Student: 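Here's a structure for you.
Quick caveat, the model's predicted, so the values are computed rather than measured.
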Amino acid sequence: MSLSTARSFLSEAGYGEQELDANSALMELDKGLRSGKLGEQCEAVVLFPKLFQKYPFPILINSAFLKLADIFRLGNNFLRLCVLKVTQQSEKHLEKILNVDEFVKRVFSVIHSNDPVARAITLRMLGSLATIIPERKNAHHSVHQSLDSHDNVEVEAAIFASACFSAYVSMWSMLSLIPMLQHMHHNASLASSSRELLQQLVTSYPSTPMVIVTLHTFTQLAASSLIDIPKQLQLLLQYLKEDPRKAVKRLAIQDLKLLAKKAPHLWNRENTQTLCECALSSPYNSLKLGMLSVLSTLSGTIAIKQYFHPGTGGASAPPRLTDLVKLVQECCYHSNLAVAAHGVTVLANIAISCPEKDMMQLEQDTVMGLESLLVLCSQDDSPRAQATLKTALTSLVQLLKSRPHLSQSAVEFLLCQLHLAHDPSRVLMCHALAAIATQLPVLGEGMLGDLVDLYRVASHSSTDKQQELLVSLATVVFVASQSCLSAEVKTVIKQQLENVANGWTVYCIARQASRMGCHEFSSELYQSLRTRVASEHFYFWLNSLKEFSQAEQCLNGLEDGDYSAAMTAIAEALRSYQKGIASLTAASTPLSPLSYQCDFVKLRIDTLQGLSQLICTCNSLKTSPPPAIATTIALTSGNELQRCGRIAMQMRVSMDEFRSLAARYADLYQSSFDADSATLRNVELQQQSCLLVSHVIEALILDPHSASFQDYGTLGSVQTESEYERRMMSVFNHVLEEVEGLSRKHPPVSYLHTGCLCDAVIALLKVPLSFQRYFFQKLQSTSIKLALSPSPRTPTEPIPVQNNQQLTLKVEGVVQHGSTPGLFRKIQSVCLNVSSTLQSKTGGPEYKIPLDSNTNEIEQRVEPHNDYFSTQFLLNFSILGSHTVNVEASVVDESGIEWKTGPKTTVSVKSLEDPYAQQLRHNQQQQQQAQQARPETAPAPQRSSVYARFQ
């Protein structure tokens, strides 16, 4: 092995590469540290953060940091700088260092160097270690001494270390002591006394640093205690209005924004009015920008309604006459793009919140402000202009969602600007058009012609922005077409893809087509991509996608009432799905098992099979009608279902099957912790469709008298987020209306009932399935690794334990994240479930053991600290024999929802008899055997007559 082996292992191990254990990886890095070449030493040092991330256990981290301390002590300044960077990157692992004294001793020895750069690096190193050595007096003394140094590098390092220690040392300085009061909120009296103390400090010490620190501590304390937020708002607004110092005003604005996010419902009209007056009178653009950002935060909350409708009994002023509207109308056309962006955001939120009678002119002002800002930013490629354009487009989409009658003119304006804008702006405008078309599908057909014309001339080069524009335009075309692409549209897109698109762009467009239900087009694109990849796993992945698209395309041409054609289409779709699942299995690797994809496709296959079987069952009423004596049998047995003949039992089996499918979809939902909301909603819709079918079977045939439709009455009022969801909800409502009307008019079971069931199946199949983002791309990655102790020396060897003792099972674990942790949801706690089962019972004495001591079923919740958690379980194995202990982990997010993420670990335990009890039992057995082997003794002599008298 070499350093390159450790490097490839610690980065991203590819398929087929052998994994090293923690000790082997550490040994390889240690070889690099002891190398005589500086380059190899540096390379070894920078690999340590990846080692910590992969194996964040205390013993390994302690050994690794001691080795790094030796390199810091003996190496040159460049190596010391590398060690410093590693320490700063691994801040959350510092508390796992066991030998802190030895580690600090080796690092601190460099502080006595004659080289000021070496001393500066050491000072920064000590500052980075402040979390574990906050009270080391020698470190404090060295930092104080270095503040008087004549070397600028050393002084800057001392200032950095001072700032680090100030966050952890209680007596570092008065300014560092004041922020401690923000934590004094655990009871009302303590919070009140802390607030009084802060009030005295801010009055007695009016210097700028003191006021800034005290006010911010004031705000943090109020935000935690909640009851003092109104007072804090008045205090901050007072300083913002009256204090002339810009630094104090900036701090007040910063804290006001914090309180606007924390408790917008506590802002009354007077608070918002004071902020507007300050913004109108401020001559500084930077301060005006800050105040507008606070108003922008408030405008999307209930605070904006409280401003226009204070609810105090007095008449509220018309919105256009208020200072807030005057302010934002003035800012909408400001030369500073950030100010203008906040202005249109507030104005759009006001237009959304105001009642119908007051907003006619306000709508026009909002639209004009948005259009002027869009025209200005669409011609500018700078990052600031693009950020402003994105904000303006977001506000426009939200306004159109609330005011649909403005959509037609807004769409025409965006289509016109698409021809004039630069490529980065075109991409953002396409995203906005897609969102608008999703909200209002009726506008899609009108924009399709302009989009196709634009697609013809969209790209003339293969730059990244051009490729992104092709994908964005294709997405809008798919949304506008509503899953029905014409031959002309396909030809235009294919021609552009053949001319300038690369393979990744084609894949992205095919992926969007699968998401929007354009399966025929996506199948053709996947077919063209299969031979353009270099890995067989990618080939099988693309081949599986092609088969899935072909399977869904088979269901695209279904007609109402044509049940035979539906059976044929489902059979063809199942053949393609079976081919696809085989390719999907071949595409999976140990590092990318594609578990969600496989589970989703298997459920889809089982759902199609269940729907096909249901149609066959409905047809059996014609091929095998109830016998003539069915009515007599029903009256004799008292079971009305006997009137229906054998179809009743088949329907009950079908109903149970769809309920089982719904439960499996629920399990898939619970296991998809990293999925985005659209993917989870898609899984939920599949579950609801299975529940709907089972409910329809019950309501029409099995139990029409007790079936209730009240639980499904709110389906039409649910706000949909995609075209697929809208169509599915429409089908749900239509099916429920038909079933409810039929179940009231006709008793079961007739051809009307079976026809209604088959029509419901066809209606569900006619909605093109949407393959959501998580099927193709995992934006968030979260996994848990568990380590159990004691652990067996070999995987097959059980852990021995005596039956009169309890086994202490320690469970340690680390939470591993991808590049974007917590993108959709974060882990609040980890739920560990430990259970044991008896596998085989060995010989031994039979004891009457209480039932609760025969099994172990324990659950604990632990909160990870720096992605590490640890807990212990006491397990009882009183029955002699072999036991299996299962440890399963699940996570609980910030909303309290539990997700079955795994992993599940199993260990074997062998319960042995206590040696002392075993020895006693053996002695008793030997004594019994000896008594049985002793020869029979002579009969006892007869008693004399003297003794006989007493008997």
Side-chain angles (χ1 to χ4, degrees), residues 551 554-555 558-575 577-578 602-631 633-634 637 639-665 686-707 709 731-732 734-736 738-743 745-767:
C554 294
L555 306 173
L558 295 179
E559 298 291 339
D560 294 335
D562 195 350
Y563 307 142
S564 176
M567 292 284 295
T568 304
I570 294 176
E572 293 178 1
L574 286 173
R575 280 195 291 270
Y577 262 119
Q578 292 295 347
K602 288 176 183 177
L603 278 170
R604 180 63 174 173
I605 291 174
D606 293 343
T607 302
L608 291 178
Q609 289 176 343
L611 294 175
S612 176
Q613 184 62 38
L614 180 58
I615 296 178
C616 289
T617 303
C618 293
N619 290 335
S620 68
L621 185 63
K622 300 178 181 178
T623 59
S624 179
I629 60 172
T631 304
I633 297 175
S637 62
N639 186 0
E640 288 295 325
L641 289 179
Q642 295 294 334
R643 295 177 182 272
C644 308
R646 60 191 296 268
I647 192 176
M649 185 59 65
Q650 294 176 341
M651 285 293 181
R652 186 173 297 279
V653 172
S654 183
M655 182 186 70
D656 293 339
E657 181 181 359
F658 278 100
R659 287 181 177 175
S660 174
L661 285 170
R664 289 171 59 190
Y665 274 115
Q686 304 307 315
Q687 179 193 10
Q688 289 177 356
S689 66
C690 294
L691 290 175
L692 177 69
V693 173
S694 66
H695 178 77
V696 169
I697 295 173
E698 182 181 17
L700 283 180
I701 297 175
L702 299 181
D703 194 4
H705 302 292
S706 61
F709 294 88
V731 170
F732 291 169
H734 174 72
V735 170
L736 287 174
E738 293 291 327
V739 172
E740 187 175 11
L742 185 61
S743 62
K745 295 178 181 178
H746 304 280
V749 63
S750 66
Y751 298 137
L752 295 175
H753 296 82
T754 56
C756 183
L757 263 175
C758 293
D759 290 338
V761 170
I762 293 178
L764 289 172
L765 291 175
K766 285 174 66 176
V767 181

Student: So do the side chains of Leu611 and Phe658 get within less than 4.5 Å of each other, counting heavy atoms only?
Tutor: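 In short, these two side chains touch, coming nearer than 4.5 Å.
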Student: Hey, are the side chains of Leu614 and Ile697 touching, using non-hydrogen atoms and a 4.5 Å cut-off?
Tutor: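 Contact flag for Leu614/Ile697 side chains = yes.
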Student: Apply side-chain contact (heavy atoms from CB on, under 4.5 Å) to the pair Arg664 and Asp606, showing each step before the final yes or no.
Tutor: CA-CA 11 Å; Arg664 289 171 59 190; Asp606 293 343; 2.7 Å; yes
Student: Does the side chain of Cys618 come within less than 4.5 Å of His753's, by heavy atoms?
Tutor: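 No; the side chains remain at least 4.5 Å from each other.
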Student: Considering all heavy atoms of both residues, which atom of Leu742 and which atom of Cys756 are nearest to each other, and what is their separation?
Tutor: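 Taking Leu742 first and Cys756 second, the nearest heavy atoms are CD2-CB, 3.7 Å.
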Student: Measuring only between side-chain heavy atoms, which start at C-beta, is Leu608 closer than 4.5 Å to Leu765?
Tutor: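 Touching, per the 4.5 Å side-chain cut-off.
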Student: Between CG of Leu700 and CE of Met651, what distance do you get to the nearest 0.5 Å?
Tutor: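 With rounding to 0.5 Å, CG (Leu700) is 8.5 Å from CE (Met651).
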Student: What is the minimum heavy-atom distance between Tyr563 and Gly755, and which atoms define it?
Tutor: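 Taking Tyr563 first and Gly755 second, the nearest heavy atoms are OH-O, 3.4 Å.
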Student: So, does Ser689 use its side chain to make a donor-acceptor pair with the main chain of Gln686 at under 3.5 Å?
Tutor: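 Between the backbone of Gln686 and the side chain of Ser689 there is a qualifying donor-acceptor contact (under 3.5 Å).
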Student: Could you go step by step and tell me if Val693 and Leu764 meet the side-chain contact (heavy atoms from CB on, under 4.5 Å) rule?
Tutor: CA-CA 10 Å; Val693 173; Leu764 289 172; 3.7 Å; yes
Student: Mind checking the CG-CD1 spacing from Leu558 to Ile570? Nearest 0.5 Å is all I need.
Tutor: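 If I round to the nearest 0.5 Å, the distance is 7.0 Å.
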Student: State the CZ-CD distance between Arg575 and Gln578, to the nearest 0.5 angstrom.
Tutor: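 So the CZ of Arg575 and the CD of Gln578 are separated by 11.0 Å.
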Student: For the residue pair Ile701 and Met655, establish whether any side-chain heavy-atom pair is separated by less than 4.5 Å.
Tutor: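 Side chain of Ile701 against side chain of Met655, heavy atoms only: no contact under 4.5 Å found.
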Student: Given side chains that start at C-beta, do those of Val731 and Lys766 come closer than 4.5 Å, heavy atoms only?
Tutor: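 Side-chain contact under 4.5 Å: no.
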Student: In Å, rounded to the nearest 0.5 Å, how long is the span from CD1 of Ile615 to CG of Asp759?
Tutor: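 If we round to the nearest 0.5 Å, Ile615:CD1 and Asp759:CG are 9.5 Å apart.
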Student: Are Cys616 and Met567 side-chain neighbours, meaning at least one heavy-atom pair lies under 4.5 Å?
Tutor: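 Heavy-atom side-chain distance check passes, below 4.5 Å.
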Student: Can you check side-chain contact (heavy atoms from CB on, under 4.5 Å) on Val653 and Gln613, steps first, answer last?
Tutor: CA-CA 10 Å; Val653 172; Gln613 184 62 38; over 6 Å; no
Student: First locate atom CG of Asn619, then atom SG of Cys758, and finally report the distance between them rounded to the nearest 0.5 Å.
Tutor: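 Rounded to the nearest 0.5 Å, the CG-SG separation comes to 5.5 Å.
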Student: Atom CD in Glu657, atom SG in Cys690: separation rounded to 0.5 Å?
Tutor: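 Here the rounded value is 9.0 Å.
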Student: Do the side chain of Ser620 and the main chain of Thr617 share a donor and acceptor less than 3.5 angstrom apart?
Tutor: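 Yes; at least one donor-acceptor contact below 3.5 Å.
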